[in-house]
Amino acid sequence: MSKNFDVVVIGGGPGGYIAAIRAAQLGFNTACIDEWKNEKGGPAPGGTCTNVGCIPSKALLQSSEHYEHAGHAFKDHGIDVKGLSLNLPQMLGRKNTVVKQNNDGILYLFKKNKVTFFHGRGSFVKGDANGYEIKVAGATEESITAKQVIVATGSNARALPGSPFDEELILSNTGALAITEVPKKLGVIGAGVIGLEMGSVWRRLGAEVTVLEALPTFLGAVDEQIAKEAQKLLAKQGLVVNLGVKIGDIKAGKKDVTVDYTDDKGNAQKAVFDKLIVSIGRTPNTTGLNAEGVGLKLDERGFIAVDGDCKTNLPNVWAVGDVVRGPMLAHKAEEEGVAVAERIAGQHGHVNFNTIPWVIYTSPEIAWVGKTEQQLKADGVAYKAGTFPFLANGRARALGDTSGMVKFLADATTDEILGVHIVGPMASELISEAVVAMEFRASAEDIARICHAHPSLSEATKEAALAVDKRALNF
């Protein structure tokens with residue numbers, strides 16, 4: 001096997017494996033190094049996303065939603081379920097199967113595209129503009145060389161100071177996806193994407209869930225109107241969210257965790273949980289990369305410093321995904337991976353940060369792209385807004401899920417779409433129309449004039465666009 005490559009990608013998560021495949025498609029002799037292991041010690045490419053993030057969490061969200069529907073919503077459809085019971089080992093087993101299918105799928109794609117895969121930890125040894133030596137520490141240690149290097153080593157869950165993850169009582173996303181018995185009382189620190197999604201999974205399965213959030217507002221990055229609607233709907237489901245909390249001591253006992261905190265009124269509080277999920281953000285993963293050994297520059301927060309094209313300070317070394325600036329989103333990493341591969345080939349890779357969609361896969365789902373109303377106000381941008389509730393959408397009524405709304409924000413003068421925000425059924429799928437529209441700088445009128453299938457949830461998008469001009473037809 002050749003040990004000399006045109007492109008070597010360190011990391012096989014969404015940014016890494018996609019970058020490797022695109023580089024191979026462009027004719028480069030490409031290798032990808034990834035150290036994730038499955039339960040048998042074999043390769044498990046796909047990074048955090050595939051192994052302990054996006055994929056397994058969506059599997060559990062889907063399973064737990066089926067369970068909740070069987071216990072509550074099915075009767076409205078004339079379906080009586082008797083003797084309903086939870087088989088948690090089966091649910092977790094299905095989740096693991098879905099993960100393995102994705103791992104195997106990536107290995108297949110490497111083979112299909114002639115990407116050489118190395119199972120182990122990749123790190124710099126030495127190098128310059130003429131090439132880099134990369135060490136692969138796996139079952140055996142070997143050395144490979146690369147003309148170009150793409151670093152895609154991802155991120156790690158951030159722990160609270162003094163309260164490291166033990167994945168038994170104090171859990172990161174990894175432990176939150178592998179709880180073997182539904183806790184009676186579950187605490188979640190952090191009301192972000194991971195906290196709300198994991199809290200939703202275990203609430204549906206029977207846990208009493210309390211979320212403790214330091215910020216005074218719920219989902220501060222989300223459009224305020226949408227966030228308030230989401231908070232109301234989640235509270236109605238029984239998800240307790242306490243805002244403006246200051247976390248104090250966390251003490252893990254033999255079977256539970258005690259959390260001392262101060263509430264938003266300044267009162268001292270104490271809560272005892274069977275399990276505690278900590279989801280307060282993530283930190284870039286550069287451990288073991290030997291960045292300092294080759295002079296790879298990190299910024300003040302520990303991210304690999306890159307320019308707008310994902311170039312590092314070293315010649316022919318690039319970095320993408322969670323390990324660099326920008327949103328920590330799998331699809332952002334993928335787009336950067338493709339763009340870098342194309343730039344290496346002399347093409348003009350493109351990533352538009354203004355049209356990267358965000359999704360929270362709670363029920364209802366929350367999705368958005370572009371500016372929020374509060375951002376437009378702060379920037380002094382004159383805008384028009386239009387909303388349409390799923391309550392008035394025929395498909396939503398037929399589905400039995402009429403919660404939430406679609407909201408459009410458009411420039412007051414040009415009518416260009418500046419932001420689209422959705423809380424409601426299948427928001428993760430509906431937001432793509434808005435992304436396409438904004439990428440091509442469409443106006444609200446453009447969406448309002450496009451024929452949408454009837455009955456469909458996407459009609460709510462059309463109606464919200466019509467509402468920008470105060471001419472919604474069905475509300």
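Side-chain atoms are counted along with the backbone in the values below, which use heavy atoms only and exclude waters and symmetry mates. Note that the structure is a prediction, hence the values are computed from the model and not measured.
For the atom pair CD1 (Ile280) and CD1 (Ile277), the distance works out to 13.5 Å, reported to the nearest 0.5 Å. How far CD1 of Ile304 is from CZ of Arg325: 11.5 Å, rounded to the nearest 0.5 Å. With rounding to the nearest 0.5 Å, the separation of OG in Ser458 from CE in Met426 is 11.5 Å. In this structure, CZ on Phe408 lies 11.0 Å from CG on Leu418, to the nearest 0.5 angstrom. Taken from OH in Tyr108 to CG in Asn113, the straight-line distance is 9.0 Å, to the nearest 0.5 Å. To the nearest 0.5 Å, atom NZ of residue Lys371 and atom CD1 of residue Ile417 are 16.0 Å apart.
Inspection of the Glu459 and His454 side chains reveals an N or O donor paired with an N or O acceptor under 3.5 Å. A donor atom on one side chain and an acceptor atom on the other are not found under 3.5 Å apart for Thr372 and Asp223.
No side-chain donor-acceptor contact under 3.5 Å links Arg22 to the backbone of Gly337. In this structure a side-chain-to-backbone donor-acceptor pair under 3.5 Å is missing from Trp318 to Asp309. Side-chain atoms of Ser428 never come within 3.5 Å of backbone atoms of Tyr361 as a donor-acceptor pair (strictly under, hydrogens ignored). Gln347 contributes no side-chain N or O that, together with a main-chain N or O of Ala339, makes up a donor-acceptor pair within less than 3.5 Å. Of the possible donor and acceptor atoms, none in the side chain of Asp263 sits under 3.5 Å from a partner among the backbone N and O of Val245. At distances below 3.5 Å, at least one donor-acceptor pair connects side-chain atoms of Thr153 with backbone N or O atoms of Asn285. In this structure, the side chain of Lys462 engages the main chain of Ala448 through a donor-acceptor pair within 3.5 Å. In terms of modelled atom types and a separation under 3.5 Å, the side chain of Asn51 and the main chain of Ala44 share a donor-acceptor contact. Side-chain atoms of Arg158 do not come within 3.5 Å of backbone N or O of Ser279 as any donor-acceptor pair. Under a 3.5 Å cut-off, the side chain of Asp264 and the backbone N or O of Gly244 do not form any donor-acceptor pair.
A 4.5 Å side-chain heavy-atom check between His421 and Leu409 finds at least one atom pair inside the cut-off. Within the 4.5 Å cutoff, no side-chain heavy atoms of Val98 are placed close to those of Lys95. Considering only heavy atoms from C-beta on, Leu399 comes within 4.5 Å of Arg395 through its side chain. Val278 has its side chain out of reach of Ser163: every pair of non-hydrogen atoms, C-beta onward, lies at least 4.5 Å apart. Residues Ile226 and Ile366 form a side-chain contact, since some pair of their non-hydrogen atoms from C-beta on lies under 4.5 Å apart. Looking only at side-chain heavy atoms (C-beta outward), Val211 and Val240 stay at 4.5 Å or farther from each other. Counting heavy atoms from C-beta on, the side chains of His331 and Ile356 come closer than 4.5 Å. At least one side-chain heavy atom of Val188 sits under 4.5 Å from a side-chain heavy atom of Val209.
Residue pairs meeting the side-chain hydrogen bond (donor to acceptor under 3.5 Å, both in side chains) criterion with at least one member in residues 210-221: none, sequence neighbours excluded. Applying the salt bridge (charged side-chain N to carboxylate O under 4.0 Å, His left out) test to residues at least two apart or on different chains, the pairs with a partner in residues 429-457 are Glu416-Arg441, Glu445-Arg449, Glu445-Arg471. Residue pairs meeting the salt bridge (charged side-chain N to carboxylate O under 4.0 Å, His left out) criterion with at least one member in residues 42-63, sequence neighbours excluded: Lys58-Glu197. Residue pairs meeting the side-chain hydrogen bond (donor to acceptor under 3.5 Å, both in side chains) criterion with at least one partner in residues 172-191, sequence neighbours excluded, are Glu167-Ser172, Asn173-Arg282. Judged as a side-chain hydrogen bond (donor to acceptor under 3.5 Å, both in side chains), the pairs with a partner in residues 244-261 (not counting sequence neighbours) are, in order, Asp260-Lys270.
Across all non-hydrogen atoms, the minimal contact from Leu186 to Pro183 is CB-CG, 4.1 Å. Summarising the geometry of Ser63 relative to Met91, their closest heavy-atom pair is CB-CG, 3.5 Å, with the distance given to 0.1 Å. Thr50 and Pro56 make their closest contact through O-CD, 3.2 Å (heavy atoms, listed as atom of the first residue, atom of the second, distance). Looking at every heavy atom in both residues, Ile150 comes nearest to Ala19 through CD1-CB, 4.1 Å. Closest of all the heavy-atom pairs between Gln374 and Val222 is NE2-O, 3.0 Å. Shortest non-hydrogen contact noted between Leu92 and Ile179 is CD1-O, 3.5 Å.
Residue Gln237 places its CD atom among more than 12 non-hydrogen atoms of other residues, nucleotides or ligands, all under 6.0 Å distant.
Thr414 is linked by a side-chain hydrogen bond (donor to acceptor under 3.5 Å, both in side chains) to Asp411, counting only residues two or more places apart in sequence or in another chain. The side-chain hydrogen bond (donor to acceptor under 3.5 Å, both in side chains) test applied to Asn393 returns no partner, not counting sequence neighbours. For the ring-ring contact (aromatic ring centres under 6.0 Å, His included) test, residues two or more places apart in sequence or in another chain that qualify with Trp358 are Trp368. Judged as a salt bridge (charged side-chain N to carboxylate O under 4.0 Å, His left out), and not counting sequence neighbours, the contacts of Arg203 are Glu68. In terms of the ring-ring contact (aromatic ring centres under 6.0 Å, His included) criterion, Phe390 has no residue partners (sequence neighbours excluded).
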Under 3.5 Å, sequence neighbours excluded: what are the donor-acceptor pairs made by side chains of residues 71-87?
from: Asn87; atom 1: OD1; to: Gln90; atom 2: N; distance (Å): 3.1

Which pairs of donor and acceptor atoms, one on a side chain in residues 376-386, lie under 3.5 Å apart (sequence neighbours left out)?
from: Tyr383; atom 1: OH; to: Glu373; atom 2: OE2; distance (Å): 2.6
from: Lys384; atom 1: NZ; to: Asp415; atom 2: OD1; distance (Å): 3.3

>> Could you walk me through whether Ile447 and Val420 satisfy the side chain to side chain contact (heavy atoms under 4.5 Å, CB included) test, starting with their C-alpha distance in whole Å, then the side-chain angles of each, then the deciding distance to 0.1 Å, before giving a yes or no?
In response: CA-CA 12 Å; Ile447 300 300; Val420 177; over 6 Å; no
> Would Leu466 and Phe388 count as a side chain to side chain contact (heavy atoms under 4.5 Å, CB included) if you check the C-alpha gap in whole Å, the side-chain angles of each, and the deciding distance to 0.1 Å?
Replying inline: CA-CA 9 Å; Leu466 283 165; Phe388 187 83; over 6 Å; no
> Going through the checks in order, is the side chain to side chain contact (heavy atoms under 4.5 Å, CB included) test met by Val241 and Leu234?
Replying inline: CA-CA 9 Å; Val241 180; Leu234 292 173; 5.8 Å; no
>> Before you tell me yes or no, could you show the steps for Ile360 and Leu219 under side chain to side chain contact (heavy atoms under 4.5 Å, CB included), namely the whole-Å CA-CA distance, both residues' side-chain angles and the distance that decides it to 0.1 Å?
In response: CA-CA 10 Å; Ile360 304 175; Leu219 292 176; 3.8 Å; yes
